[in-house]
Amino acid sequence: MSGSRSAKDFFRPLAVGAPTPLTEIPARPSRAIHFFDPSNPKMAAKVPDMVGTVDVLLGNLEDAIKADNKVAAREGLVEIAKKTEFGATQLWTRINALDSPWALDDLTTLVPAIGDKLDVVMVPKVQGAEDIHYVDRLLAQLEAKAGLDRPILVHAILETARGMANVEEICGASPRMQGVSLGPADLAADRRMKTTRVGGGHPGYLVREDPPSENGVANIEATRATFQQDLWHYTIARMVDACAMHGIYPYYGPFGDIADVIACEDQFRNAYLLGCVGAWSLHPKQIAIANKVFSPSVEDVAHARRVVAAMGDGTGAVMLDGKMEDDASLKQCLVMVELAEQLAAIDPELKQAYEGITA
Ligand SMILES: CC(C)(COP(=O)(O)OP(=O)(O)OC[C@H]1O[C@@H](n2cnc3c(N)ncnc32)[C@H](O)[C@@H]1OP(=O)(O)O)[C@@H](O)C(=O)NCCC(=O)NCCSC(=O)C[C@H](O)C(=O)O
Ligand SMILES: [Mg+2]
């Protein structure tokens, strides 16, 4: 919780008439946050058919939208939201940066027009709790004016060094905080990393095995295996801890090499294993990758259920397939089983796959 509000005030509405903040962020599946440009007629036309195939549709108003198209994108999103029934698919938007000429109009246009349909507002380039406090109060005022009965949640993108340094206070700045995504391209630039990609690894970031020794002399000319390392490990792990501490959700962001579906899957899986619940999809073909990676495998769910069954009241230790299971491994298995249940509730194929498993 941020130091600027007392515990008794933390869950009070920030404007008279605004909806009461949630005390817990609902665990709604959000394996793929699919970005579309609402000012692009071809993309906009595809949105209605994407409902039900993706957990989150996000109307992007920030980077990747040309300055000349900012107003068209905002208006396009209003039009799409008004005419689309989203069902279980969530509708999010990414507004422009708070220091840009567009952010204020983004919020003052979207909340009155489609606030009842918007689940989450993604805020880019968040630097500290003060950015979340600003959006929090403004949203409360706009929600009150629009007569909304549920709060719009807020998602921060970590894409500056200052934002990274302040990640814990950002996560706890408001009861609206739904989650955090890594913005690897902007973060790399802000950190002055020497990369030019939108997420993913780099062949130069590696470790090399030691040289073989011949007669006690290291032969550094010998062929030696190298292993590419994950540029984002520290950042994602830190983000995951900050989110878990505050009961909100961490996400890997974009993978810009659309053609390299294999490396995209690897990057998404690393994030999944470290604790992320989803990633961004920039192109329709990345939705299936995220849906696959961020859904536990049938084998993992089967194993988790066996551990749950074997552990009885959840205390003590048992042997299963030659391995020790105890209270702590049970807790990991419960994470898997709960996620499978949440996904089965919205994905009939997964429901069938998970139901086919016997404990
Ligand atoms: C990356 C793209 C520019 C590629 O577009 P295109 O060249 O048109 O790809 P295709 O020809 O393969 O497209 C095939 C059809 O699919 C439609 N399409 C493409 N992308 C989408 C989409 N995202 N949603 C819906 N439909 C889509 C095309 O229109 C084609 O349609 P048709 O001709 O009728 O068959 C493009 O995919 C794109 O712009 N994607 C989104 C990019 C984006 O949002 N970028 C911002 C997020 S990443 C970022 O901001 C960095 C981050 O903040 C950080 O700091 O790290
Ligand atoms: Mg960015």
Side-chain angles (χ1 to χ4, degrees), residues 32-35 37 58 60-67 92 94-100 102-103 122-129 131-132 155-171 179-208 226-243 249-283 285-286 289-290 293-294:
I33 302 170
H34 181 73
F35 276 57
D37 171 357
L58 179 144
N60 179 29
L61 307 183
E62 200 225 7
D63 292 356
I65 309 302
K66 286 179 100 44
W92 295 20
R94 178 170 78 170
I95 61 168
N96 285 285
L98 298 178
D99 61 356
S100 75
W102 305 291
M122 184 183 269
V123 184
K125 302 174 178 72
V126 172
Q127 299 273 23
D131 288 340
I132 302 301
H155 182 109
I157 316 181
L158 279 187
E159 41 192 2
T160 66
R162 184 147 84 84
M164 268 314 298
N166 292 331
V167 61
E168 288 86 5
E169 68 165 45
I170 290 169
C171 291
V180 172
S181 285
L182 166 67
D186 271 301
L187 183 58
D190 196 61
R191 280 176 172 167
R192 305 187 67 75
M193 288 166 66
K194 308 304 179 289
T195 54
T196 56
R197 303 175 174 198
V198 177
H202 193 289
Y205 193 69
L206 52 80
V207 292
R208 187 181 302 271
T226 59
F227 305 90
Q228 195 170 321
Q229 305 294 294
D230 183 357
L231 276 174
W232 303 109
H233 178 81
Y234 156 77
T235 311
I236 295 176
R238 179 138 183 234
M239 176 181 76
V240 167
D241 282 346
C243 286
Y249 300 99
Y251 299 77
Y252 176 76
F255 191 87
D257 190 343
I258 308 288
D260 193 348
V261 291
I262 295 172
C264 176
E265 183 169 332
D266 293 338
Q267 180 75 70
F268 285 5
R269 184 164 291 105
N270 288 348
Y272 167 73
L273 289 170
L274 274 180
C276 290
V277 299
W280 300 3
S281 142
L282 305 184
H283 187 280
K285 66 162 100 163
Q286 292 184 333
I289 303 173
V293 169
F294 290 97

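The structure presented is a predicted model; accordingly, all values stated were derived computationally and were not measured.
- Distance CG/Leu187 to CE/Met193: 7.0 Å, rounded to 0.5 Å.
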Please evaluate residues Gln267 and Ile236 with respect to the criterion side-chain contact (heavy atoms from CB on, under 4.5 Å), reporting the C-alpha separation (whole Å), side-chain torsions for both, the decisive distance (0.1 Å), and the verdict.
CA-CA 11 Å; Gln267 180 75 70; Ile236 295 176; 4.2 Å; yes
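- Between Lys66 and Asp37 there is no salt bridge, since no side-chain N of the basic residue sits under 4.0 Å from a carboxylate O of the acidic one.
- Although no hydrogens or angles enter the test, the distance criterion places a donor-acceptor pair under 3.5 Å between the side chain of Glu159 and the main chain of Lys125.
- Exactly one of Trp280, Tyr249, Tyr252 qualifies for a side chain to side chain donor-acceptor pair (under 3.5 Å) with Ser181. That residue is Trp280.
- Note that CE of Met239 and CE of Met164 are 8.0 Å apart. Values are rounded to the nearest 0.5 Å.
- Distance check: Glu62 CD to Ile157 CD1 gives 6.0 Å after rounding to the nearest 0.5 Å.
- Note that CD of Gln286 and CD1 of Ile33 are 12.5 Å apart. Values are rounded to the nearest 0.5 Å.
- Applying the salt bridge (charged side-chain N to carboxylate O under 4.0 Å, His left out) test to every pair with at least one member in residues 270-280, sequence neighbours left out, gives no pairs at all.
- Legend: salt bridge (charged side-chain N to carboxylate O under 4.0 Å, His left out) pairs involving residues 250-268, not counting sequence neighbours, sorted by first then second residue: Glu265-Arg269, Glu265-Lys292.
- Between atom CG of residue Leu158 and atom OG1 of residue Thr235 there is a gap of 8.5 Å, rounded to the nearest 0.5 Å.
- The minimum heavy-atom distance linking Ser100 with Ala97 is given by the pair OG-O, 2.7 Å.
- Taking each heavy atom of Ala161 and Asp190 in turn, the nearest pair found is N-OD2, 2.7 Å.
- Checking side-chain atoms of Arg94 against main-chain N and O of Phe35 turns up no donor-acceptor pair under 3.5 Å.
- Residue Ile262 places its CD1 atom among 12 or fewer non-hydrogen atoms of other residues, nucleotides or ligands, all under 6.0 Å distant.
- Here the closest heavy-atom approach between residue Asp131 and residue Leu98 is recorded as CB-CD1, 3.6 Å.
- Proximity of a side-chain donor or acceptor of Thr195 to a complementary backbone N or O of Arg197 within less than 3.5 Å is not detected.
- Ring pair Phe294/Tyr272 is perpendicular by interplanar angle, where above 60° counts as perpendicular and below 30° as parallel.
- The structure places SG of Cys276 at 10.0 Å from CG of Asn270, a figure rounded to the nearest 0.5 Å.
- Minimum heavy-atom separation, Ser281 to His34: OG-ND1, 2.6 Å.
- Classification of the Tyr251-Trp92 ring pair by plane angle, with boundaries at 30° and 60°, yields perpendicular.
- Ala156 approaches Ile170 most closely through the heavy-atom pair CB-CG2, 3.8 Å.
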Evaluate the side-chain contact (heavy atoms from CB on, under 4.5 Å) criterion for residues His233 and Leu274: first the C-alpha distance (whole Å), next the side-chain angles of each, then the deciding distance (0.1 Å), finally the verdict.
CA-CA 9 Å; His233 178 81; Leu274 274 180; 3.9 Å; yes
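- When all heavy atoms are compared, the tightest approach of Leu231 to Gly200 is CD1-O, 4.0 Å.
- Without hydrogens or angle criteria, Asn166 side chain to Ala129 main chain gives no donor-acceptor distance under 3.5 Å.
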